[in-house]
Every structure is written in C-alpha cells, then in structure tokens.
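Shown next, in structure tokens, is the structure this report addresses.
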Number of protein chains: 2
Amino acid sequence: MKKNLTLKQIAKELDVSISTVSKALKDSEEISEATRKKIQAFAKLYNYKPNNIALSLKNRKTKTIAVIIPEIVHDFFAMVISGVENLANQYGYNVLICLSNESYEREVINMEMLASGSIDGFIMSLAKETQAKKDYHHIKEIINQGMPVVMFDRVTREVYTDKVIIDDVLATQEAIQYFISKGKRKIGFITTPDYISVGRLRTEGYMRTLEANGIDVDENLILRIEDETNIDTVIEEFFEKNEFNAVMAVNELYAVNVLKTALKRGLKVPEDLNIIAFTDGVISKNSIPSISTIKQNAFKMGEIAAKLLIQKLESEHENEHYITEVISTELLHRETTTI
Amino acid sequence: MKKNLTLKQIAKELDVSISTVSKALKDSEEISEATRKKIQAFAKLYNYKPNNIALSLKNRKTKTIAVIIPEIVHDFFAMVISGVENLANQYGYNVLICLSNESYEREVINMEMLASGSIDGFIMSLAKETQAKKDYHHIKEIINQGMPVVMFDRVTREVYTDKVIIDDVLATQEAIQYFISKGKRKIGFITTPDYISVGRLRTEGYMRTLEANGIDVDENLILRIEDETNIDTVIEEFFEKNEFNAVMAVNELYAVNVLKTALKRGLKVPEDLNIIAFTDGVISKNSIPSISTIKQNAFKMGEIAAKLLIQKLESEHENEHYITEVISTELLHRETTTI
DNA sequence: GTGAAAGCGCTAACAA
DNA sequence: TTGTTAGCGCTTTCAC
C-alpha cells in the first residue's frame with residue numbers, strides 16, 4: 001500500500017525545493033524548461049494528485065455543496081438531487097447529501113456540522129417539523145456567517161435568500177379549473193396539514209378556484225393527512241363520508257391511494273372519477289390506469305438551485321440581491337382524466 | 001457578515017496563546033480552572049466551531065464517506081443510501097453521493113477526484129458500462145492506496161474487498177420454485193443483459209430451477225432488456241410471441257410493465273398470470289393489483305455496507321481480511337401471486 | 001531559475 | 001499553568 005504522494009516527497013526525491021515543485025507542476029514560467037519537464041514527468045509517472053483538503057484549507061473553499069432534504073425515497077426529491085448533481089458536476093463541485101428525515105433537530109445538527117468549513121453552500125427543502133415550529137434561526141445564522149443558502153419547494157418567507165419554487169397556487173388552479181370545465185363540481189382535495197408551505201398553498205389554490213367559479217368550499221371535501229402510516233384507511237373513510245366526481249392530491253402517493261380506493265369501491269376511473277396528482281414520478285407513470293399529474297420539473301428545479309448557488313459562490317463581490325425563481329409546471333393528462 | 005471564529009482570534013482577544021485556547025476548549029487538566037472557564041465562556045458566547053477542514057488536514061481523516069451509485073431515481077438505490085446515511089450519521093460520518101449515471105467514465109472521474117483526500121472511503125455499486133467493459137483498474141488502484149472500498153449489489157469477483165450482496169441465485173430459485181409448486185410451467189423471465197452481474201445471476205437461478213424440476217429451458221421465454229426507453233413495446237412483443245402462466249422480472253419497473261401488458265391483453269392477474277418482481281419499492285406496493293416481490297432489504301444493505309466501511313476505517317491495524325456479507329431476502333406475497 | 005518562509009486552522013510534544 | 005514550535009500539504013511572496 002503506497003500512501004499518496006506529496007509535493008514534499010517529490011521535492012526530496014528530485015532534490016529541489018517544495019516551491020519549485022509546486023511551480024513546476026503549474027507550468028510556471030519561473031522554472032526552467034528542464035526542471036519543469038523533469039518534475040512533471042516524475043509526477044505523472046507516480047500519479048501525483050494534489051491533496052484536496054490542503055487546497056481547501058488554503059483556498060477557503062471546498063468545492064462541495066450540501067443538499068438537505070427531508071427524505072430520499074421519494075421521486076420528487078430524488079429527481080431534484082439528480083438535477084443538482086448534474087449541474088454541480090459540470091462546474092467541478094461535489095454534492096453532499098443529508099437527510100433531515102423531516103426532523104427539526106436533524107436538520108439543525110446536519111447544517112451546523114457542515115457549516116464549519118466542510119462545504120461552500122447549502123441547497124435545502126425544509127423538514128416538516130421545522131415548518132411546524134417555524135424556527136429558522138439555524139438557517140438565518142448560517143446565511144449571516146456569509147454562507148449562501150438556496151431553498152427549494154418547501155421554503156419560507158421568513159428567510160431572505162434565493163429560492164426555487166413552483167407556483168403552487170397557480171398549478172392547483174389550473175387542475176381544479178380543468179375539473180370544473182369538464183363539469184365536475186364535487187371535487188375532493190387531499191393535502192398535508194397547513195403548516196407545510198406547499199400543502200397550504202395548494203389548498204389555497206383549490207379554495208380560490210372553487211370560489212372564483214361560484215362553488216362553495218365544503219371543508220368536508222378537504223382531507224389533510226397528518227400521519228402517513230395509515231393513508232388507506234383515512235382515504236377509505238373519506239370516500240365513505242363523501243361523494244366526488246374528481247379528486248386532486250398533493251402528491252403521487254395520496255393519489256394512487258385514492259385510485260385504489262375508488263376502484264375497490266367499484267368506481268370507474270376516469271368515467272366516474274377524475275384524479276390529478278402533484279409530482280410526476282414513477283408511481284403516476286406506472287400505475288394502472290396511469291395518473292394525470294402536475295409536472296413539477298424537479299430535475300430542472302435542482303439544476304436551477306445549483307446554478308443559483310454556484311453563481312453566488314463564484315461571484316466576486318457579495319451581493320445582497322436575492323431572487324426567487326419560479327419554475328413552470330404543466331398539467332399532464334394521462335388515464336385518470338377525461339380529455 | 002461575521003466570518004467564522006478561529007482559535008487565533010480567541011487567543012488574541014483573551015491575550016493568551018493559541019495552544020492554551022486549544023487545550024482549554026478540550027477541558028484539559030493542564031489549564032487552570034479560571035482560564036479554562038474564561039475561554040470556554042468566550043467560545044460559547046461567540047459560538048466557536050472548530051474548522052473541519054483544518055481538522056481533516058491534521059488528522060488525515062475527513063469523517064465523510066462517498067457512495068457511488070448508478071442512479072438515484074430508483075427505489076433500491078435510494079433505500080440503500082438511506083441506510084448508509086442512517087448508520088453513518090450515528091458514527092458521526094457525513095455521506096457524499098455521486099451518480100455514475102451508468103457511465104464508466106463518470107465513475108472513474110468521480111472516484112479519482114474524491115480519492116485525493118476528500119473522503120475516507122467508498123461504498124459503491126458498479127455502473128452498467130463498467131460491468132460491460134470489465135475494467136476495474138480504478139477501483140483496484142484506490143484500494144491499493146489504502147482507501148477502503150465496500151461494494152454492494154452490482155459487485156465483481158475481480159476486486160478483492162468487502163461486499164454486501166443478496167444471494168441472487170437463491171432468491172430467484174425460491175420464486176421460480178414457488179411458481180412451479182403452483183403448477184405453473186410456462187414461466188417467463190425478464191432480465192438485463194448478462195454483463196450485469198445481478199441480472200446474470202438471477203437468470204442463472206431461473207434456469208437452474210427449471211432444470212432441477214425437469215423443465216426444459218426455452219430461450220424464447222427469457223427477455224433481456226437492453227434499452228429501457230421502449231420497455232412496453234418489447235414486452236408487448238414478448239407476450240405476442242409466447243404464452244405464460246407466470247412471469248418473473250428482475251426489477252419493479254419491468255414487472256409493472258408486464259402487469260400492464262397482461263391486463264391490456266385481457267389476462268387476469270393472478271388467475272391467469274402470476275408475477276413476482278425483485279425490489280420491494282414504491283411501484284410494487286402501490287400498483288393495482290400490488291405486485292409480489294423479493295424483498296431485498298435495501299435499507300439494511302446500506303447499513304451493513306456502512307458498518308463494514310466504518311469498521312475498516314476505525315480499526316487500528318489494517319487488516320487484509322475481507323468478507324462478503326449476504327443479506328437474506330424474503331418472498332413477499334401480494335396480489336400478483338395466488339397463495 | 002530556485003528556494004526560504006509565512007500562512008490557511010488546528011494539535012501535540014516539549015520547553016519554560 | 002502557559003507558551004513555543006513543528007507539522008499536516010499546499011500556495012505565494014520575496015530573497016538570493
């Protein structure tokens with residue numbers, strides 16, 4: 001086992017000084033052609049690679065960015081990561097992933113740990129618990145220390161920084177308006193509790209659209225799922241107590257459970273019941289019938305978040321100007337809507 | 001924007017030496033109670049955090065491990081990551097994710113980049129292209145340099161190191177034998193090309209089980225999917241040309257497409273056709289009907305891989321003894337098999 | 001054209 | 001009890 005070669009060793013081996021080696025490897029004009037060639041040949045031969053950590057310490061940048069997400073076994077987040085990774089790699093950055101598992105504490109611990117030198121900046125989506133507590137000190141502090149943070153999807157207006165989101169209200173409106181245009185008026189809505197930003201916005205979009213169309217909002221037709229362990233029974237009950245001709249769900253998992261319950265109850269989809277879901281992932285695509293969705297362009301969201309972050313990192317003067325990038329969405333009709 | 005506090009600054013501020021501060025913050029007996037308290041209070045007040053990069057340089061360890069996977073929008077890999085993350089965090093390690101996107105080149109570049117100081121060790125599953133080329137120089141070299149590597153799922157016997165796998169042959173045998181025990185004899189098998197290790201092993205398990213039961217292997221009943229962009233048409237054709245009463249697929253995606261095709265052709269599942277898939281992910285669970293699977297315990301796989309790696313990292317003497325851990329699998333009956 | 005020295009932030013052996 | 005020094009691997013300024 002050969003340990004990694006250092007400048008020092010090369011210097012000793014070739015009987016020159018460390019700085020000569022350093023310069024030679026950068027092809028500096030200062031060093032004579034002969035020594036340069038000699039040193040470069042030696043380095044090449046023994047496969048010299050500069051030590052990243054030493055460079056990081058010296059340059060005060062690590063060329064790695066951290067992504068903090070609530071969970072990874074979830075197509076939306078996985079696709080965002082994929083986008084971040086793709087763009088980051090193009091710019092020579094590494095991507096470090098941390099899972100908050102929806103926990104405030106894990107989010108705080110992870111961020112504090114990484115903020116001390118390990119990384120150059122954050123891309124994050126808030127944990128449920130953080131949104132429930134509304135405690136964003138940890139994030140504000142990090143930004144205060146001069147470390148850039150880009151938030152996506154689950155964001156908060158309480159933190160002033162770059163953000164990448166979709167227009168949740170608008171996207172929902174489009175879907176609900178579509179239902180209405182097809183004559184559906186008993187529209188169920190399955191969402192998260194209101195403390196989750198995107199859930200709240202989507203619910204808002206739902207209510208507004210009904211009102212705009214002169215339909216009274218019936219709170220019974222809104223189901224806010226808190227505990228995801230027993231989705232099926234909750235949805236079963238929801239169907240037991242109400243009647244719908246259309247349902248919208250804020251994610252694929254809720255939607256596929258709606259589909260399952262509806263079919264079990266003998267409803268025909270889409271004839272008797274239309275369904276639209278947020279998140280265009282593997283479930284919607286592959287369920288039978290396939291589910292119509294709001295395509296969120298998660299991959300692109302990841303790319304843009306990464307781009308915003310890297311721009312901040314590489315711009316000379318720090319710039320207190322923050323933007324919120326709104327990604328366009330698209331209503332994608334598949335087999336759970338009647339065209 | 002306040003930059004991060006350093007020992008040096010504290011020392012200057014309190015008019016003591018840097019090493020005194022360092023020791024005081026470690027609560028060393030060497031330093032008098034009074035100075036210790038004073039320094040600790042100051043550090044606490046201004047929220048001092050040691051710089052990780054400096055520590056890494058000093059200790060020659062980064063406390064971060066890298067996971068290289070072919071893709072992340074895939075439940076199996078996402079769950080493995082989740083397991084790695086979980087265990088790594090318990091031991092104070094960070095997890096860095098790199099995607100090879102099934103490309104040999106990206107795998108090599110990523111690994112070489114990280115190997116120079118950024119991380120302490122690797123956990124990886126081979127890219128398709130790497131398995132096709134059978135070129136494992138990059139991995140061998142890294143191991144040679146003394147950096148531990150743990151491989152999982154897509155492994156190769158050409159690299160001598162720790163591995164975490166399932167018994168692909170055995171798991172397949174169990175499923176196929178189950179079909180046979182239910183009187184199914186026309187069993188289709190949908191797999192990857194043979195250069196992918198797990199695909200090959202599963203195909204082998206299929207063939208062996210048939211032979212053991214005196215059933216001739218009909219190559220027409222084996223479909224090796226090379227290009228995943230047109231799965232549906234390939235499977236459609238497969239059904240056009242053959243007749244089955246059971247099909248096994250090496251992943252969920254293939255399986256759900258089989259299900260779709262079968263239903264479209266008017267077959268009843270499970271009455272006319274039984275289906276079993278590898279990977280117990282979100283597709284199998286949520287498809288309608290839900291798909292019976294070989295549960296691979298991906299989360300556990302990730303945890304064990306992380307444990308093996310961390311043990312290597314933290315053991316004093318390096319130990320040239322490598323093990324291959326075989327995770328048990330389980331045939332999970334859902335709605336695509338008749339019990 | 002080459003090398004010595006300082007410094008990035010920290011630890012630890014040794015000296016005072 | 002406290003401070004000095006050297007060193008982790010590298011870059012860069014400034015002497016020689």
Side-chain angles (χ1 to χ4, degrees), chain A residues 2-40 42-43 46-63 113-120 145-147, chain B residues 2-40 42-43 46-63 113-120 145-147:
Chain A
K2 42 177 186 199
K3 269 284 160 214
N4 268 331
L5 195 57
T6 67
L7 290 188
K8 197 175 176 182
Q9 292 167 39
I10 302 185
K12 193 163 130 204
E13 212 61 49
L14 261 42
D15 208 35
V16 290
S17 80
I18 296 180
S19 48
T20 304
V21 178
S22 173
K23 287 169 189 161
L25 290 178
K26 309 203 115 55
D27 228 358
S28 156
E29 295 293 332
E30 271 185 60
I31 308 297
S32 73
E33 179 89 25
T35 16
R36 242 189 296 162
K37 286 274 171 288
K38 185 178 66 180
I39 293 175
Q40 287 173 3
F42 187 93
Y46 290 101
N47 192 27
Y48 168 78
K49 293 262 168 48
N51 179 311
N52 286 327
I53 294 294
L55 288 177
S56 295
L57 183 59
K58 185 85 196 152
N59 304 331
R60 284 116 161 299
K61 52 176 73 160
T62 61
K63 282 280 202 174
M113 164 138 216
L114 297 175
S116 13
S118 309
I119 59 149
D120 296 342
Q145 282 167 28
M147 179 166 288
Chain B
K2 43 179 186 196
K3 268 284 158 216
N4 269 330
L5 195 58
T6 68
L7 289 189
K8 197 176 176 182
Q9 292 168 39
I10 302 185
K12 193 164 129 203
E13 213 61 50
L14 262 42
D15 208 34
V16 290
S17 81
I18 297 181
S19 53
T20 304
V21 178
S22 173
K23 287 171 191 161
L25 290 177
K26 306 204 119 54
D27 228 359
S28 156
E29 294 294 330
E30 274 185 58
I31 308 296
S32 74
E33 179 90 25
T35 17
R36 241 190 297 163
K37 285 272 172 288
K38 187 178 65 178
I39 293 175
Q40 287 172 4
F42 186 93
Y46 291 101
N47 192 25
Y48 168 78
K49 294 263 166 48
N51 179 310
N52 286 327
I53 294 294
L55 288 178
S56 295
L57 183 58
K58 184 85 195 153
N59 303 329
R60 282 116 163 301
K61 53 178 71 162
T62 61
K63 282 278 200 176
M113 165 139 217
L114 296 175
S116 14
S118 309
I119 59 149
D120 296 343
Q145 281 166 28
M147 178 165 291

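Proteins come first, then strands; the chains are lettered A, B, ... in the order of their sequence lines, and each starts at number 1.
- In this structure, A:Leu14 places its CG atom 14 Å from C1' of C:dT2, rounding to the nearest Å.
- Residue A:Tyr48 places at least one side-chain N or O closer than 4.0 Å to OP1 or OP2 of D:dC10.
- A side-chain donor from one of A:Thr20 and A:Ser17 sits under 3.5 Å from a side-chain acceptor of the other.
- Following rounding to the nearest Å, A:Asn52 (CG) and D:dC10 (P) show an atom-to-atom distance of 10 Å.
- Side-chain N/O atoms of B:Thr20 include one lying less than 4.0 angstrom from OP1 or OP2 on D:dG3.
- Side chains of B:Thr35 and B:Ser32: a donor-acceptor N/O pair is present below 3.5 angstrom, by distance only.
- Within the structure, every side-chain polar atom (N or O) of A:Arg36 is placed at least 4.0 Å from both OP1 and OP2 of C:dG1.
- The two residues B:Met113 and A:Asn52 make their nearest non-hydrogen contact at O-ND2, 3.0 Å.
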CA sep, side-chain torsions, deciding dist, call: A:Tyr46, A:Ile10, side chain to side chain contact (heavy atoms under 4.5 Å, CB included): CA-CA 9 Å; A:Tyr46 290 101; A:Ile10 302 185; over 6 Å; no
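- Atom NZ of A:Lys61 and atom C1' of C:dG9 are 18 Å apart (whole Å).
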Go through the steps to decide whether B:Arg36 and B:Glu29 satisfy the test side chain to side chain contact (heavy atoms under 4.5 Å, CB included), and finish with yes or no. CA-CA 9 Å; B:Arg36 241 190 297 163; B:Glu29 294 294 330; 4.3 Å; yes
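- Here A:Asp120 does not pair with A:Lys63 in a salt bridge; the nearest charged N to carboxylate O distance is not below 4.0 Å.
- Among the atoms of the strands shown, base atoms are found under 4.0 Å from some heavy atom of A:Ser22.
- A:Lys38 places its NZ atom 12 Å from the C1' atom of C:dG1, with the value rounded to the nearest Å.
- When the nucleotides D:dT11, D:dT4, D:dC8 are ranked by their closest atom to the side chain of A:Leu55, D:dT11 comes out on top.
- No N or O donor and acceptor, one from the side chain of A:Lys23 and one from the base of C:dG1, sit under 3.5 Å apart.
- The stretch residues 24-35 of chain B comes close to DNA chain C through B:Lys26, each having a heavy atom under 4.0 Å from the strand.
- For B:Pro50, taking side-chain heavy atoms from C-beta onward, the closest of the listed nucleotides C:dC10, D:dT4, D:dG9 is C:dC10.
- The interatomic distance linking A:Leu57 (CG) with C:dA6 (P) rounds to 18 Å, in whole Å.
- Side-chain N/O atoms of A:Lys58 and base N/O atoms of D:dG9 include no donor-acceptor pair closer than 3.5 Å.
- Each end of the helix from C:dG1-D:dC16 to C:dA16-D:dT1 yields a helix axis from five base pairs, and these two axes differ in direction by 60° (to the nearest 10 degrees).
- At whole-Å resolution of the value, CD1 in A:Ile18 and P in D:dG9 are 10 Å apart.
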As a quick check of understanding, evaluate side chain to side chain contact (heavy atoms under 4.5 Å, CB included) for A:Ile39 and A:Val16, giving each step before the final call. CA-CA 9 Å; A:Ile39 293 175; A:Val16 290; 4.3 Å; yes
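- Where A:Thr6 and B:Ser19 each meet DNA chain D at their nearest nucleotide, the meeting point lying more 5' is that of B:Ser19.
- Relative to the side chain of A:Leu7, the nucleotides D:dT11, D:dG9, C:dG3 differ in distance, and D:dT11 lies closest.
- Among all heavy-atom pairs drawn from B:Ala24 and B:Ile31, the shortest one is N-CG1, 4.0 Å.
- For the pair A:Lys49/A:Asn47, a side-chain contact is recorded, criterion being any heavy-atom separation below 4.5 Å from C-beta on.
- Here D:dT11 presents its P atom at 8 Å from CG of A:Asn59, a figure rounded to the nearest Å.
- Here C:dG7 presents its C1' atom at 14 Å from CG of B:Asn51, a figure rounded to the nearest Å.
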Apply side chain to side chain contact (heavy atoms under 4.5 Å, CB included) to B:Lys23 and B:Leu25, showing your working. CA-CA 5 Å; B:Lys23 287 171 191 161; B:Leu25 290 177; over 6 Å; no
